[in-house]
Amino acid sequence: MKEYDVKCIRCGARFPKDDIVYTCRNCVSAGPRGEPVSGGLLDILYDYSKIDRERIVKATGEGVWRYRALLPFDDEIKPISINEGNTPLYRCDRLAKSIGIEELWVKHEGLNPSGSFKDRGMTVGVTKGVELGVKGVACASTGNTSASLAIFAAKARLPCYVLLPKGKVALGKVAQAIMHGAKVFSLKGNFDDALRVVRVLCEEESIYLLNSVNPYRLEGQKTIAFEIAEKLGWAVPDRVILPVGNAGNISAIFKGFSELMTLGITTTIPRMTGIQAAGAKPIVNAFKENKEEITPEDNPETIASAIRIGNPVNAAKALHAMRSSGGGAESVTDEEITEAQLLLARQEGIGVEPASAASIAGLKKLLEMGEIERDERIVCVTTGHLLKDPERVIQICEPPIEVEADVDVLRKMVRSPFEAMKCM
Ligand code: F0G
């Protein structure tokens, strides 16, 4: 049996492996709004002295399950899997040059099976749910979590309930959730409202919650760090930059790099740098004001709907990741996000949804502010695929030109100046 503990990061209380628990029951206190759900966050901790580092360095298989020596399952487990992970790490020299740095890599998580990094967490979370014998799964979502959960629930033949903020979820994500058979609720409220109610619903109805407050989700997502280090020859970049919403992913990637160091595979941890949208930046505020706790934002707003979150549940883990790695936090405007989305698409051929482009927008801004050295080796994580949010593309790009099936007309048009590359 793989030995690990489910442990509260705040008070250290431990919970049995077969207990369905999301936040600590021992140190429950009133949350920022008086809600009784803010026991400390939980983490999965292994006995690292019993983990053979060779099983990571010489791992076999592909994607998330390649690293099963550092996942909370026995080796015999049959995962609920659709080949998640194993995403490309692109070296982006042209983009690096245009923004004035030496070495830029983009880890394109949009090339996961459902089009976002959420699949890494869901393969682990849903496999754990099946092991625990749950009768159904649920989540609140700005879109990608619901798309991914719907797919893995279908694969596991489990009923799936998802709560989406009404009118605020990109079209591709809604399409995925309904196509794969989830029961989809369009909630009159924002993401934070949806998460608040789904947490209570899951407790009361014994449905398994698969938002990133579930610590098993983050176990899958930490494999982003393993893949980055492995593709760089078990080396660690100076900095990793990624968008932050509910703040699970930055916490997970930090954990992955920390584990590699604990096992003696690597010797440093990258500066973990989180980017939020200017209209939804509670973590950036807390980071800059040196506060331990965030002040929730009531009306978060941004075109990057994936990270339109005012009360991120993993804030404590994310602030620790950014501070203890010497990283940072910055916010970017919707215009900066759009510009970065176009740059990635047109200079590097990498199609991402707006939230993902926040990583590049943040890099540009931090460079201009002098917060990042130009010779740092940087990895930006692009979290979701362009096709997730086609409506935004239509808003920001030239529409197709309607034309007669007439060569003379077309000839004239192709001979006139072509402005598609104007963003550069
Ligand atoms: N990028 C994309 C494309 C996302 O969908 C999300 C989160 C994030 C970044 C932020 O990640 O929450 O771990 O800090 N989407 C969640 C969802 C909230 O419901 O799909 P985080």
Side-chain angles (χ1 to χ4, degrees), residues 41 107-112 114-122 125 138-151 162-165 168-170 172-174 176-177 182 184 187 190-192 194-195 198 209-215 217-218 220-222 224 240-255 272-277 280-284 294 300 302-315 317-319 321-322 329 332 337 341 351-362 380-389 392:
L41 294 166
K107 178 77 171 154
H108 192 15
E109 285 295 295
L111 294 180
N112 270 292
S114 83
S116 86
F117 68 95
K118 306 286 179 177
D119 296 345
R120 293 180 187 270
M122 288 307 173
C139 69
S141 182
T142 57
N144 282 323
T145 297
S146 69
S148 184
L149 182 57
I151 292 174
V162 312
L163 277 65
L164 305 179
K168 296 292 182 183
V169 176
K173 306 173 188 182
V174 182
Q176 288 175 297
V184 179
L187 190 104
N190 62 25
F191 169 83
D192 303 300
L195 185 55
V198 81
L209 178 67
L210 276 161
N211 280 99
S212 57
V213 68
N214 182 324
R217 274 267 315 271
L218 304 191
Q221 289 172 213
K222 76 186 180 187
I224 294 175
V240 172
I241 308 179
L242 71 156
V244 169
N246 221 10
N249 211 27
I250 192 166
S251 313
I253 297 175
F254 171 74
K255 179 173 182 186
M272 299 301 305
T273 305
I275 310 299
Q276 294 197 293
K281 58 174 177 70
I283 292 196
V284 175
I294 58 153
T302 167
I303 51 101
S305 56
I307 52 171
R308 190 173 168 274
I309 294 175
N311 191 11
V313 72
N314 286 299
K317 284 186 180 176
L319 286 166
M322 296 185 302
V332 289
I337 287 172
Q341 194 187 12
V352 304
E353 66 168 286
S356 305
S359 57
I360 298 292
C380 285
V381 183
T382 52
T383 43
H385 197 278
L386 172 73
L387 293 176
K388 291 284 193 171
D389 194 349
R392 181 64 188 163

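Only a predicted model underlies this, so the values are computations on that prediction, with no experimental measurement involved. The chain is numbered in sequence order, starting from 1. Whatever order the structure lists ligands and atoms in, that order sets their numbers, starting from 1.
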- Message: Quick one, T145 and M122 - any side-chain contact, counting heavy atoms below 4.5 Å?
- Response: yes

- Query: Does the side chain of F117 reach to within under 4.5 Å of the side chain of Q221, using non-hydrogen atoms?
  - Reply: yes

- Query: Going from CG on L163 to CG on L195, what distance comes out if it is rounded to the nearest 0.5 angstrom?
  - Reply: 9.5 Å

- Item | Rounded distance [0.5 Å steps], NZ in K281 versus CD1 in I294 | 12.5 Å

- State which residue, out of K118, E353, E109, fulfils the side-chain hydrogen bond (donor to acceptor under 3.5 Å, both in side chains) condition with N144. E353

- Message: Test of understanding: with side-chain hydrogen bond (donor to acceptor under 3.5 Å, both in side chains), list the residues that count as partners of S356, not counting sequence neighbours.
- Response: T383

- Query: What residues sit with at least one heavy atom under 4.0 Å from ligand 1?
  - Reply: F117, K118, S141, T142, G143, N144, T145, P243, V244, G245, N246, A247, G248, N249, A306, I307, I309, E353, A355, T383, G384

